[in-house]
Amino acid sequence: MGIDRTKIRWNGWGWAAHKDDLADREDLWAWLAAELGMPALLATPGRAFEELSLPPCALSLEDRHGLNGIVGVEHVRDDAYERAFHALGRSYYDLLRLRAGDLSLAPDAVIYPRGTEEVLTILAFAAARDIAVIPYGGGTSVVGGVSGSRGGFKKAITMDLSAMDRVIDVDTVSGTATAEAGIAGPALEKALEAKGFTLGHTPQSFEFSTLGGWIGHRGAGQGSNRYGRAEDWLVGAKLATPRGLLATGDVPASAAGPQLKDLVLGSEGIFGIVTEATIRVHSRPEVSDYRGYLFHDFESGMAAIRAAMQEDVSATMLRLSDAGETRFYRAYGRIGKKRTISHRLSDLYLEMRRFDDKACALIAGFEGRGKAASSARRQFDAIARRFGALALGHRMGERWQQGRFQAPYLRDPMMDRGVGVDTLETAASWSKLGALYAATRAALKTAILQTVPREGAKGIVMCHVSHSYPDGASLYFTYIFPRALDSDIAQWKAIKKAATDAIVANGGTVSHHHGVGEDHAPWIAQEKGMLGIEALRAVKTALDPSGILNPGKLLPR
Ligand SMILES: Cc1cc2nc3c(=O)[nH]c(=O)nc-3n(C[C@H](O)[C@H](O)[C@H](O)COP(=O)(O)OP(=O)(O)OC[C@H]3O[C@@H](n4cnc5c(N)ncnc54)[C@H](O)[C@@H]3O)c2cc1C
């Protein structure tokens, strides 16, 4: 039932048994050091789990007995591994703290409920005994969404939903499915596949993240252009709150006032705990066609995506790298490989076609029924050519598909070698996107330069357009930099602040799909306005009067 937590890294990404293919790639590390202006990389491993100590468990014997009585003693865990594993999520900031051995935010215990009734009983019990409750799906939040912060409470438990992972019903007539919220991506897709369906929600964290987490932070999968974001596919949900159960209904559409499901989407566990959800599913696609294009620059690539969205081309994914990201992955892919004649010929051809270092690669995906997918592909092909692109065929698309869930494994070996890597994302309307891109990129570059430890060291800032709409798109930044080892956290905070200030000042949202959590909460009032925050606080007070649910997340302090 669920994913065994001991099989996942407690202070890094993914399966504990995952083999680090890069360990012996000296050529690659030397290249990265040169790119970052570092004379050499440094050995900076995280602290061993056995060396660490946790704060004492603050639960009383009565608390413990009460919880045991609700879920059974085997589903209340307070061993060191469980508490450490659930202390934080999986952002760069979280990993800095975990690797340094900072377990100050570890919950007092981790509870694994097995149904809505148990969740409701735990919440009522926790509210009566002043225990903060942190809802936890896969724990892959990158915005401090599951950190064990207690607010003003002395005691905190994390409620890990992973034992609630049943698919309750697949309604093949309506094309909907109902599942428990703790089900992780692969298990949900397997159950849907058996009935010929897919949800198609594939965030890069797919293997470990859960249905409840996707809804909780309004996530977007890599194929969101076709399959939609959480708000597009959520039909209805059950939200367990300290005041009782809020069921949002499951009609396909309704004009009966504001929809309660909008209180669930993006509520990040502060209003209640999603225990079940009904979702819209699709027939499995007959065709999955991913291919590459090369544009002369970022502007023409963005213009092509905008045209495709405004001309109703039904692509599954249009992912456009900026020139920095295109150059980085090209160089990375060639490290350690002999420069062959075919490399030379392709370079020559690109030169002839006037593709220089401003060139930008785009991966386009088309899924669905055979004819519809190929018609969409042909439509996009024509648009891409209209904007001067070169069609590169399938290889780039296939490589992306093969590695789509692997890239996160690169972060731990980098952090082991004195290199930091983080990501952030935003969205804005097309008319603001160019300025937003330039300002965020400049802010990241400047902040990195100001915080790198040595003269001559520099950062790498890359970006891609990841999700698009007729009226705008999201930008996803990845930045790599030499770690300031004696002030890692201050470095992260300075870079994050500079970038988020630039995003807010240039009309972007603080998050397109990662959510708010603790990390973006300081900026949320600027986005929602004080009246908006007051309205959200009023909802919180109605559903969670004692404020036990996920303290410190989403709302400003
Ligand atoms: C490497 C990596 C890649 C990522 N790629 C993507 C991506 O492509 N797209 C994307 O959208 N996100 C992405 N993310 C962010 C993150 O994985 C997503 O936010 C994910 O959907 C969270 O799901 P989870 O089950 O891990 O939720 P958690 O991290 O456990 O929780 C997320 C938030 O929802 C709350 N929550 C969790 N379950 C429930 C519930 N049942 N009821 C109420 N609240 C709940 C938590 O308290 C928290 O506030 C990525 C993260 C990583 C580390």
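Counting starts at 1 for both ligands and their atoms, in listed order.
In this structure, the ring of W15 has its center no less than 6.0 angstrom from the ring center of Y409.
Proximity to A181 (heavy-atom distance under 4.0 Å) selects the following atoms of ligand 1: 41 (N).
Residue contacts with ligand 1 include G139, since one or more of its heavy atoms lies under 4.0 Å from the ligand. Look at F206 and you'll find every heavy atom at least 4.0 Å from all atoms of ligand 1. Using a non-hydrogen distance threshold of 4.0 Å, Q222 does not register as a contact of ligand 1.
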Which atom pairs, one a donor and one an acceptor, fall under 3.5 Å between side chains of residues 142-153 and the rest of the protein, sequence neighbours left out?
{"from": "S147", "atom 1": "OG", "to": "S149", "atom 2": "OG", "distance (Å)": "3.1"}
{"from": "S147", "atom 1": "OG", "to": "E518", "atom 2": "OE1", "distance (Å)": "2.9"}
{"from": "S147", "atom 1": "OG", "to": "E518", "atom 2": "OE2", "distance (Å)": "3.2"}
{"from": "S149", "atom 1": "OG", "to": "E518", "atom 2": "OE2", "distance (Å)": "2.4"}
{"from": "R150", "atom 1": "NH1", "to": "D108", "atom 2": "OD2", "distance (Å)": "2.9"}
{"from": "R150", "atom 1": "NH1", "to": "K154", "atom 2": "O", "distance (Å)": "2.7"}
{"from": "R150", "atom 1": "NH2", "to": "A106", "atom 2": "O", "distance (Å)": "3.1"}
{"from": "R150", "atom 1": "NH2", "to": "D108", "atom 2": "OD1", "distance (Å)": "3.2"}
{"from": "R150", "atom 1": "NH2", "to": "D108", "atom 2": "OD2", "distance (Å)": "3.4"}

Show every donor-acceptor pair shorter than 3.5 Å between a side-chain atom in residues 263-282 and any protein atom, with sequence neighbours excluded, or say none if there are none.
{"from": "S267", "atom 1": "OG", "to": "V264", "atom 2": "O", "distance (Å)": "2.7"}
{"from": "E268", "atom 1": "OE1", "to": "G517", "atom 2": "N", "distance (Å)": "2.7"}
{"from": "E268", "atom 1": "OE2", "to": "V516", "atom 2": "N", "distance (Å)": "2.6"}
{"from": "T275", "atom 1": "OG1", "to": "T116", "atom 2": "OG1", "distance (Å)": "3.0"}
{"from": "E276", "atom 1": "OE1", "to": "K238", "atom 2": "NZ", "distance (Å)": "3.4"}
{"from": "T278", "atom 1": "OG1", "to": "T178", "atom 2": "OG1", "distance (Å)": "2.8"}
{"from": "R280", "atom 1": "NH1", "to": "D232", "atom 2": "O", "distance (Å)": "2.8"}
{"from": "R280", "atom 1": "NH2", "to": "P252", "atom 2": "O", "distance (Å)": "3.2"}

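Checked by distance only, ligand 1 and G138 come closer than 3.5 Å through their nitrogen or oxygen atoms. An N or O contact shorter than 3.5 Å links T210 to ligand 1 by distance. For N550, a nitrogen or oxygen atom sits less than 3.5 Å from a nitrogen or oxygen atom of ligand 1, counting backbone and side chain alike. Between T202 and ligand 1, no N or O atom pair is found at a separation short of 3.5 Å.
There is a protein heavy atom less than 4.0 angstrom from atom 39 (C) of ligand 1.
Within the set G137, S205, G272, the minimum heavy-atom distance to atom 4 (C) of ligand 1 is found for S205.
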